[in-house]
Amino acid sequence: MKNVPEGIWSGRIDHHTNRSSFRIHQIIELVELENLNSVNKACALIGFESEEGVRRNKGQLGAATAPNELRKELAKLPWKLPEGKRLVDIGTVECVGTELEQAQENLGNVVSTVLTKNVTPIILGGGHETVFGHYSGVRKFIGSDASLGIINIDAHFDLRSYEEQTSSGTMFRQILETDSNSNYFVLGIQRYGNTKELFDKADELRVEYVYEDQMSVGNTESVLNDFIDKHDFIMLTLCTDVLNAAFAPGVSAPSPFGLDPKVVRSIIQTVTSNKKTLSFDISEVNPILDENNRTVKLGAYLINEAITSFLGGK
């Protein structure tokens, strides 16, 4: 694990002791994994500095810089939860060179350890290859017999072949073809962002999905809850290329017909407020391609929605 660079968690201070004026940088706890405890309800931030999966998938590079940029924006946001609710940062898992599979295994071990300590993992990717490490940790924690529902907010299925190599476009096929107790639900699928072969593969693997043009605020709650009810545990992943490019230009594959942020916010609130949901990751934020930090800032707001909901706030 890499430590968070000094100065990342900093920002404006309105008051040094009045908790109602605090921002996240004033309450965040930097904790080494071995010292993490569950004295109070907590979420743990885990960075995943990787874009090797994006490189293999022939995407635009830059997502590996996202974890610390997201931290910087999170630091500025007001903290509105009561004393006793905690947010900790345990550092960053790094993909060294092209060793993606090793990095995903390392991330999985960290996620599993965090869950065993009764703390909720919030993973800051990285390319969407982040989700395979995220999944590995959740599966290790819940065991092989538990049913796992994977909810993905994404414009793409990510069901490409991994016969030659894995990438940021293969993870869900990797999971579904090797784990009969996992099921996959995607919200935000682009009709013209996936080939017919991928739609056919989705049908073959019994993937549930909703097209982006069928979605609005609140209209997916019933199908989400139906999917959640069928599983023992849930994990949530957000690929930010699902967002309309007008709001999120800084992603590897911008979507002109993408979702309004309020729709994504509504899904996050619905899923993370359910007690079956164990964890959340955000992926594909690309600060190098961003305009005026808009995507990074939006990403931080959506992460904050998940944290607040996991910890029982509104």
Side-chain angles (χ1 to χ4, degrees), residues 23-24 43 45 66 69-81 85 87 120-125 128 130-131 134 149-156 185-190 209-228 234-251 254-286 290-314:
R23 290 175 167 79
I24 288 179
C43 288
L45 300 177
E69 296 305 312
L70 289 166
R71 285 175 167 117
K72 289 177 186 176
E73 287 299 326
L74 268 173
K76 304 173 185 177
L77 297 181
W79 180 254
K80 297 194 173 181
L81 292 163
K85 303 296 177 71
L87 180 62
T120 301
I122 306 282
I123 304 108
L124 313 179
H128 208 190
T130 301
V131 79
H134 177 185
I150 302 170
I151 297 174
N152 180 25
I153 314 171
D154 200 336
H156 307 102
F185 184 22
V186 200
L187 300 106
I189 286 294
Q190 290 274 343
Y209 57 92
V210 181
Y211 290 111
E212 58 81 20
D213 56 10
Q214 297 174 328
M215 297 175 64
S216 59
V217 175
N219 79 334
T220 58
E221 282 190 21
S222 62
V223 290
L224 277 170
N225 287 325
D226 287 346
F227 182 81
I228 291 170
I234 297 292
M235 56 174 276
L236 176 63
T237 175
L238 166 62
C239 183
T240 49
D241 68 15
V242 76
L243 291 153
N244 189 300
F247 300 100
V251 297
S255 297
F257 288 158
L259 298 179
D260 186 288
K262 291 180 181 178
V263 175
V264 175
R265 179 189 194 186
S266 174
I267 297 167
I268 290 172
Q269 290 171 337
T270 298
V271 179
T272 56
S273 62
N274 193 291
K275 291 181 180 179
K276 290 186 179 182
T277 306
L278 296 176
S279 51
F280 169 72
D281 79 68
I282 182 171
S283 301
E284 296 288 348
V285 173
N286 190 329
D290 209 2
E291 297 173 4
N292 298 320
N293 223 34
R294 287 154 59 196
T295 313
V296 174
K297 187 168 185 175
L298 175 55
Y301 272 65
L302 294 172
I303 295 164
N304 193 47
E305 289 290 345
I307 293 166
T308 302
S309 190
F310 273 128
L311 296 181
K314 294 182 180 179

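Computed from a predicted structure; not experimentally measured. Just so you know, residue 1 is the first one in the sequence shown, and it goes up from there.
- Counting non-hydrogen atoms of neighbouring residues, nucleotides and ligands closer than 6.0 angstrom, the OH atom of Tyr301 reaches no more than 12 such neighbours.
- Shortest non-hydrogen contact noted between Pro249 and Pro254 is O-CG, 4.1 Å.
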task: Could you go through the side-chain contact (heavy atoms from CB on, under 4.5 Å) check for Val131 and Asn152 one step at a time?
output: CA-CA 9 Å; Val131 79; Asn152 180 25; over 6 Å; no

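- Proximity of Ile151 to Thr277: side-chain heavy atoms (C-beta onward) are nowhere separated by under 4.5 Å.
- Side-chain atoms of Ser273 never come within 3.5 Å of backbone atoms of Ser309 as a donor-acceptor pair (strictly under, hydrogens ignored).
- Annotation for Lys262: atom NZ does not count as buried by contact number, only 12 or fewer foreign heavy atoms lying within 6.0 Å.
- Other residues, nucleotides and ligands contribute only 12 or fewer heavy atoms inside 6.0 Å of the CZ atom of Phe257.
- A 4.5 Å side-chain heavy-atom check between Phe227 and Ile234 finds at least one atom pair inside the cut-off.
- Atom CZ of Arg23 and atom NZ of Lys76 lie 10.5 Å apart (nearest 0.5 Å).
- Taking CD1 of Ile123 as the start and CG of Leu238 as the end, the distance is 12.0 Å to the nearest 0.5 Å.
- Distance check, rounded to the nearest 0.5 Å: OG1 of Thr220 to CD1 of Ile267 gives 4.5 Å.
- Each of Asn244, Val217, Leu243 was scored for a side chain to side chain contact (heavy atoms under 4.5 Å, CB included) with Val263, with one residue passing: Val217.
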query: Please walk me through it: do Lys80 and Thr308 pass side-chain contact (heavy atoms from CB on, under 4.5 Å)?
result: CA-CA 8 Å; Lys80 297 194 173 181; Thr308 302; over 6 Å; no

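- A distance-only check finds a donor-acceptor pair linking the side chain of Glu284 to the backbone of His128 [under 3.5 Å].
- Across all non-hydrogen atoms, the minimal contact from Glu221 to Thr270 is CG-OG1, 3.5 Å.
- Scanning both residues, Leu311 and Trp79, for their nearest heavy atoms gives CD1-CH2, 3.9 Å.
- For the pair Leu236 and Ile153, the minimum side-chain heavy-atom distance is below 4.5 Å.
- For the atom pair CE of Met215 and CG of Leu259, the computed distance is 5.0 Å after rounding to the nearest 0.5 Å.
- Contact between Asp154 and Val242 at its shortest, heavy atoms only, is C-CG2, 3.4 Å.
- Remark: the backbone N or O of Tyr211 is paired with a side-chain donor or acceptor of Gln214 at under 3.5 angstrom.
- Applying side chain to side chain contact (heavy atoms under 4.5 Å, CB included) to Phe247 and the options Leu298, Thr295, Val264 leaves one that passes, Leu298.
- For Lys297, the NZ atom counts as loosely surrounded, since its 6.0 Å shell holds 12 or fewer non-hydrogen atoms of other residues, nucleotides or ligands.
- Residues Phe185 and Val210 are in side-chain contact: their nearest non-hydrogen atoms beyond the backbone lie under 4.5 Å apart.
- No hydrogens or angles considered: a donor-acceptor pair under 3.5 Å links the side chains of Asp281 and Thr237.
- Ile307 is listed as a side-chain neighbour of Leu45, based on a closest heavy-atom distance under 4.5 Å.
- Looking at every heavy atom in both residues, Thr130 comes nearest to Gly125 through OG1-CA, 3.5 Å.
- For the pair Leu70 and Val296, the minimum side-chain heavy-atom distance is below 4.5 Å.
- Going from atom CD1 of Ile189 over to atom NE2 of His156 covers 8.0 Å, rounded to the nearest 0.5 Å.
- Taking the side chain as every heavy atom from C-beta outward, Ile150 and Met235 approach each other to under 4.5 Å.
- Of the candidates Glu73, Lys72, Glu69, Asn293 forms a side-chain hydrogen bond (donor to acceptor under 3.5 Å, both in side chains) with just one, namely Glu73.
- Looking at heavy atoms from C-beta onward, Asn304 lies in side-chain contact with Ile24 at the 4.5 angstrom threshold.
- The heavy-atom pair separating Ser279 from His134 by the smallest distance is OG-NE2, 2.6 Å.
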